[in-house]
**Student:** 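My structure is below; once you've seen it, I'll send some questions.
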Amino acid sequence: MYPTVPQKLIVMIVADIDGERLLHKLVTQGYPATKISSTGGFLRRGNATILSVVEENDVEPVLATVRAECHARTEYLPVQALPFIGNGTFLTDPVEVRVGGAIVFVLPVERFEKT
Ligand code: 2BA
């Protein structure tokens, strides 16, 4: 049966080192979650994508957990570590990139089926 309360799909892309801890926190708080191993397109580092479908009232509590568990920081990477630098720019100095933290998308769920 389709749930009566609107559901939201929360897509969380987090650093590999935070993924397992975030997954465990969400599940112990009673939120269903699925972790998929993924790779960032820019840095080509492993990251984790966590999917969770929750009632819309639960979106903010889930986001609060994400904020508590995933902290962004800055790293300086040698240009050789990057796959490309756009616009033909010639760089020799290390490049500042944001790592860690979370990228989150919240989408409406149109339909839910369990077979
Ligand atoms: P990556 O694509 O590997 O990007 C890692 C970090 O590198 C990004 O952190 C950003 O700080 C930097 N970065 C990305 N593209 C850049 C560019 N063209 N020039 C300079 N710096 C760049 P976040 O923004 O926190 O993103 C972390 C990861 O989240 C990304 O890993 C990607 O896997 C995912 N992501 C971010 N935005 C996304 C989006 N709009 N759609 C899908 N996935 C996204």
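In each ligand, atom 1 is the first atom listed, and ligand 1 is the first ligand listed.
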**Student:** I want to know if ligand 1 touches Phe42 in the polar sense, i.e. an N/O pair below 3.5 angstrom.
**Tutor:** yes
**Student:** For the 3.5 Å polar cut-off, considering only N or O atoms, please tell me whether Phe105 and ligand 1 meet it.
**Tutor:** no
**Student:** Can a donor-acceptor pair be found, under 3.5 Å and without considering hydrogens, that links the side chain of Ser52 to the backbone of Pro32?
**Tutor:** yes
**Student:** Name every donor-acceptor pair, under 3.5 Å, that has one atom in a side chain of residues 64-72 and the other anywhere in the protein, sequence neighbours excluded.
**Tutor:**
from, atom 1, to, atom 2, distance (Å)
Thr65, OG1, Gln29, OE1, 2.9
Thr65, OG1, Gln29, NE2, 3.3
Thr65, OG1, Pro61, O, 3.2
Glu69, OE1, Arg21, NE, 2.7
Glu69, OE2, Lys25, NZ, 3.2
His71, NE2, Ala68, O, 3.0

**Student:** Could you walk me through whether Thr49 and Val14 pass the side-chain contact (heavy atoms from CB on, under 4.5 Å) test, one step at a time?
**Tutor:** CA-CA 6 Å; Thr49 299; Val14 305; over 6 Å; no
**Student:** Compute the shortest N/O to N/O distance between Arg45 and ligand 1 and return yes if it is under 3.5 Å, no if not.
**Tutor:** no
**Student:** Is the shortest side-chain heavy-atom distance between Leu26 and Met12 below 4.5 Å?
**Tutor:** yes
**Student:** When you measure from the heavy atoms of Gly101 to every atom of ligand 1, does any distance fall below 4.0 Å?
**Tutor:** no
**Student:** Counting only heavy atoms, tell me which of Val104, Leu77, Val11, Ile103 gets closest to atom 26 (O) of ligand 1.
**Tutor:** Ile103
**Student:** State, with a plain yes or no, whether a side-chain heavy atom of Leu23 is found less than 4.5 Å away from one of Thr34.
**Tutor:** no
**Student:** May I ask you to list the atoms of ligand 1 that are less than 4.0 angstrom from any heavy atom of Gly40?
**Tutor:** 1 (P), 2 (O), 3 (O), 31 (O), 33 (O)
**Student:** Does any N/O atom on Asn47 come nearer than 3.5 Å to any N/O atom on ligand 1?
**Tutor:** yes
**Student:** Residues in side-chain contact (heavy atoms from CB on, under 4.5 Å) with Val53, at least two apart?
**Tutor:** Gln7, Leu9, Val109
**Student:** Please say whether Gly41 places an N or O atom under 3.5 Å from an N or O atom belonging to ligand 1.
**Tutor:** yes
